Amino acid sequence: MRQRFVRGALGLMAGAVSVCTVLGMSSTVAVAAPAPQSPAAPAVQAPALQAPAPVPGVKITNTFWYSDRRVAMWVYSPAMGTNIQVQLLLARDWNYRPANKFPQMYMLDGLRAQDDQNGWVLNTNIEDFYKDKNVNVVLPVGGESSFYTDWAEPDNGKNYQWETFLTKELPPLLESQWRSTDVRGVEGLSMGGSAAMMLAGRNPGFFKFAASFSGILQLSSFGMPQAVQFAMNDAGGYDSSKMFGPPTNPAWKEHDPYLLADKLKGVSLYVSSGNGMVGQYDTPSTIPYLATNYAGVGLEVLSRVTSQQFASKLNQLGVPAQAVYRASGTHTWPYWQFEMQQAWPQAAGALGLGVDRPACSTGGAIAPVYKANKKALEECLTPEYDVPGGRAQDFRNGRIIWSAKTGAKVVGGGIGGAYVAAGGPGGWLGFPTSDELATPDRIGRFNRFQNGNIYWTAKTGAHAVGGAILADWGKAGYERGPLKYPTGDEIDTPNKKGRVQAFQIGGYYWTPANGAHSVQGKIMDKYATLDFEGGWLGFPKTNEIGLRDGGRFNAFDGGNIYWTPAKGAFAIPLGPIYDAWGKAGFENGKFGYPVSDQMNITGGYRVNFERGAIEVVNGVVTAK
């Protein structure tokens, strides 16, 4: 494995040297960076384009709140024919100023982008870094080896059309539903750095600020398509010819940041890279000056060379940019986190934002609660502000919410996210009546509210439980009862006739006629095979009830499900067979438990039991 990475690094460095040779420079010659802009001053900006018109078929299909200011949404992309996850870190004043809109910062991932989380969330402190900044951070999820472009052909089962998604399909949603303005910045690392400059150049006026951290900023020069192919094959087995065609295809030049440099006038630009040598975040290898991150060495050399050439091209064109070349460092996340922080003053200026922290303090009923929780909450981010029926104040790690009836209580983290999803103080839960508490089993956390509770564990996330479901779950012992913790929110059943909520060991169903009842374990498994409440059984009428010899059953609208350790679970519909079995004493009578579902036979139907069978043929009930 080590030899493979060494060869990969050397191969990529050879590609970098070939680029230097073609452009008439040695890889050891330093290129003078353009004169940096004053970080505090906004860049000269091209007029913003009008917001793209809504694209037919684009819609948000699901949302999940991680906290009161971090939310994931799944957006159906007609261009890609699938749902794309996009996470948002909402602006500092999102809660404080509910009528305001905020500029945006797109954060693009690297070549090995995952399908579940954006790498910036997984590998940096981005969520904490942006908590005190008045910008909506946009984190697309997925796009491994995509370069965030529109591909000519699908590959690996993915129809990449990222440029269309990011610049046409997504923006109208962000502006109409997520209180975003058309003032946008974009930052990316490695592949994402290449894409940041590419997208900014190909879509003039769309971005006010663009930053590349260790990006590959030449794509079409001699040897570069081959280097890109090597990297894409290593990161997921992708074929670059499916992206742009063979190296001679004009699409390579049409997406080359170096050749798009003249399109970047009016965009505030930030370019940075290391040089592949061992830096403060690297582990030295046995080879002098070489880190153990062998592939990262070669990729950073390639980034350094192409970034310098890109900066030189900007200089020739008179396009101002801030170019930062680190004296060491490989292709790895700690350096990109550092550059994100370093680039912020320039980004803030380009987006029309101040870089100062907001002035705020605590007072009234909120002050003593903050004092008692100061270590956990850290500093305040907003002044105190109105919410429906009360007051609130935002802190780095949560909110304090107050009403005259409930007093001031702390809500934060995943519970804070579930509270927002439930409508917050103006929603059905009402105001918090407790701070966050540990559950008796010490596995989870919960807050009490006026009309329900929110429970959280690391495994299940945070979910609200209320009404009749909370009452019945509470009688069974809450999270220490048989169903354990909730794993979903209460929602309408597909047939709209009732409500359902998922738990770790089953689920709760509610209808006006039946009330709230749980179904769990093997009986739930059987219920699922019969199409849940949409099948002939309908909704549960009882919770699970114990029977002799360890047996269990649930009664439903249309029949019952019985389970025994020895035989498993079987369903019997209400009707002649069920009535005959009942007259014989059910499971305590001569037939015992059912060992089959009701099955069709010639002229009728039948159920087998432990000690016999009952069948109906031509309307006549017969016991055997």
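Predicted model, so just to flag it, every value in this text is computed and none were measured. Index from 1, following the sequence.
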**Report entry** Audit row: Tyr160, Thr149, side-chain contact (heavy atoms from CB on, under 4.5 Å) steps and yes/no
**Finding:** CA-CA 7 Å; Tyr160 283 153; Thr149 63; over 6 Å; no
Is it the case that [X] and [Y] place a side-chain donor and acceptor less than 3.5 Å from each other?
{"X": "Glu300", "Y": "Ser214", "value": "yes"}
{"X": "Thr164", "Y": "Glu169", "value": "no"}
{"X": "His331", "Y": "Ser303", "value": "no"}
{"X": "Asn95", "Y": "Asp68", "value": "yes"}
{"X": "Gln117", "Y": "Gln85", "value": "no"}
{"X": "Ser312", "Y": "Gln309", "value": "no"}
{"X": "Glu339", "Y": "Tyr270", "value": "yes"}
{"X": "Asp394", "Y": "Tyr385", "value": "yes"}

Can I get a per-line list of side-chain donor-acceptor pairs under 3.5 Å for residues 118-126, giving both atom names and the distance, sequence neighbours left out?
unit_1	atom_1	unit_2	atom_2	d
Asn118	OD1	Trp120	N	2.8
Asn118	ND2	Met107	O	3.3
Asn118	ND2	Pro140	O	2.7
Trp120	NE1	Leu108	O	2.9
Asn123	ND2	Gly119	O	3.0
Thr124	OG1	Trp120	O	2.5
Thr124	OG1	Ile126	N	3.2

So, taking the atom named [atom1] in [X] and the one named [atom2] in [Y], what distance separates them when rounded to the nearest 0.5 Å?
{"X": "Lys313", "Y": "Gln218", "atom1": "NZ", "atom2": "CD", "result": "8.5 Å"}
{"X": "Ser77", "Y": "Gln161", "atom1": "OG", "atom2": "CD", "result": "8.0 Å"}
{"X": "Ile84", "Y": "Met80", "atom1": "CD1", "atom2": "CE", "result": "4.0 Å"}
{"X": "Leu89", "Y": "Leu139", "atom1": "CG", "atom2": "CG", "result": "5.0 Å"}
{"X": "Asn373", "Y": "Glu436", "atom1": "CG", "atom2": "CD", "result": "10.0 Å"}
{"X": "Leu88", "Y": "Arg179", "atom1": "CG", "atom2": "CZ", "result": "12.0 Å"}

Any side-chain heavy atom of [X] within less than 4.5 Å of one from [Y]?
{"X": "Trp402", "Y": "Lys409", "answer": "no"}
{"X": "Phe102", "Y": "Val135", "answer": "no"}
{"X": "Arg92", "Y": "Arg69", "answer": "yes"}
{"X": "Tyr258", "Y": "Leu219", "answer": "no"}
{"X": "Met73", "Y": "Leu170", "answer": "yes"}

Report yes or no: does [X] contribute a side-chain atom to a donor-acceptor pair with the main-chain N or O of [Y] at less than 3.5 Å?
{"X": "Arg448", "Y": "Asp435", "result": "no"}
{"X": "Ser212", "Y": "Gly215", "result": "yes"}
{"X": "Trp428", "Y": "Asn451", "result": "no"}
{"X": "Asn447", "Y": "Ser434", "result": "yes"}
{"X": "Asn136", "Y": "Ala91", "result": "yes"}
{"X": "Thr433", "Y": "Thr406", "result": "no"}
{"X": "Gln346", "Y": "Leu269", "result": "yes"}
{"X": "Asn397", "Y": "Glu378", "result": "no"}
{"X": "Ser272", "Y": "Tyr325", "result": "no"}
{"X": "Ser67", "Y": "Gly413", "result": "no"}

Nearest non-hydrogen partners of [X] and [Y], listed with the distance:
{"X": "Ala72", "Y": "Gln87", "value": "CB-CG, 3.7 Å"}
{"X": "Gly354", "Y": "Ala348", "value": "O-CB, 4.3 Å"}
{"X": "Gly57", "Y": "Tyr76", "value": "O-CD2, 3.4 Å"}
{"X": "Thr330", "Y": "Tyr335", "value": "O-CD1, 3.4 Å"}
{"X": "Ala327", "Y": "Asn275", "value": "O-ND2, 3.0 Å"}
{"X": "Ile366", "Y": "Glu384", "value": "CD1-OE1, 3.6 Å"}

Report task. Quick one: list whatever passes ring pair (Phe, Tyr, Trp, His ring centres under 6.0 Å) with Phe207, sequence neighbours left out. Result ->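 Counting only residues at least two positions away or on another chain, Phe207 forms a ring pair (Phe, Tyr, Trp, His ring centres under 6.0 Å) with Tyr106.
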Query - Partners passing ring pair (Phe, Tyr, Trp, His ring centres under 6.0 Å) against Phe209 (at least two apart in sequence or in another chain) - result: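 Listed in chain order: nothing, the list is empty.
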**Report entry** Neighbour count above 12 (heavy atom, 6.0 Å) for Lys263 NZ
**Finding:**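 No, not enclosed.
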Should the pair [X]-[Y] be classified as a salt bridge under the 4.0 Å nitrogen-to-oxygen rule?
{"X": "Arg202", "Y": "Glu163", "result": "yes"}
{"X": "Glu175", "Y": "Arg184", "result": "yes"}
{"X": "Asp115", "Y": "Lys158", "result": "yes"}

Query raised in the report: Angle class for the Trp162/Phe165 ring planes (parallel below 30°, perpendicular above 60°, tilted otherwise)?
Result: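 Rings of Trp162 and Phe165: perpendicular, over 60°.
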Report task. Carefully, step by step, assess Trp252 and Phe244 under the rule ring pair (Phe, Tyr, Trp, His ring centres under 6.0 Å). Result -> CA-CA 6 Å; Trp252 285 91; Phe244 295 147; 5.2 Å; yes
Requested in this report: With Lys133 as the cation and Phe129 as the aromatic partner, state whether NZ or CZ is under 6.0 Å from the six-membered ring centre and within 45° of the axis.
Outcome: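 Yes - Lys133 lies over the ring of Phe129, closer than 6.0 Å to its centre and within 45° of its axis.
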Query raised in the report: Can Arg70 be said to sit on top of Trp65's aromatic six-ring, NZ or CZ under 6.0 Å from centre and within 45° of the ring axis?
Result: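 No; the conditions do not both hold, so Arg70 does not lie above the ring face of Trp65.
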Query raised in the report: Under the ring pair (Phe, Tyr, Trp, His ring centres under 6.0 Å) criterion, do Trp74 and Phe64 qualify, and how do the steps go?
Result: CA-CA 9 Å; Trp74 283 260; Phe64 177 80; 7.6 Å; no
Requested in this report: Could you go through the ring pair (Phe, Tyr, Trp, His ring centres under 6.0 Å) check for Tyr455 and Phe446 one step at a time?
Outcome: CA-CA 4 Å; Tyr455 291 83; Phe446 76 105; 5.3 Å; yes
**Report entry** Intermediate values then yes/no, side-chain contact (heavy atoms from CB on, under 4.5 Å), Lys405 and Gln450
**Finding:** CA-CA 10 Å; Lys405 186 174 183 179; Gln450 288 175 302; 3.9 Å; yes
Query - Leu173 vs Ile60, side-chain contact (heavy atoms from CB on, under 4.5 Å): CA-CA, chis, key distance, verdict - result: CA-CA 8 Å; Leu173 289 180; Ile60 297 173; 3.9 Å; yes
Query raised in the report: Does the separation of the ring centres of Phe395 and Tyr370 fall below 6.0 angstrom?
Result: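 Centroid distance Phe395-Tyr370: below 6.0 Å, so yes.
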Query raised in the report: Would Phe338 and Gln342 count as a side-chain contact (heavy atoms from CB on, under 4.5 Å) if you check the C-alpha gap in whole Å, the side-chain angles of each, and the deciding distance to 0.1 Å?
Result: CA-CA 6 Å; Phe338 173 78; Gln342 293 297 107; 3.5 Å; yes
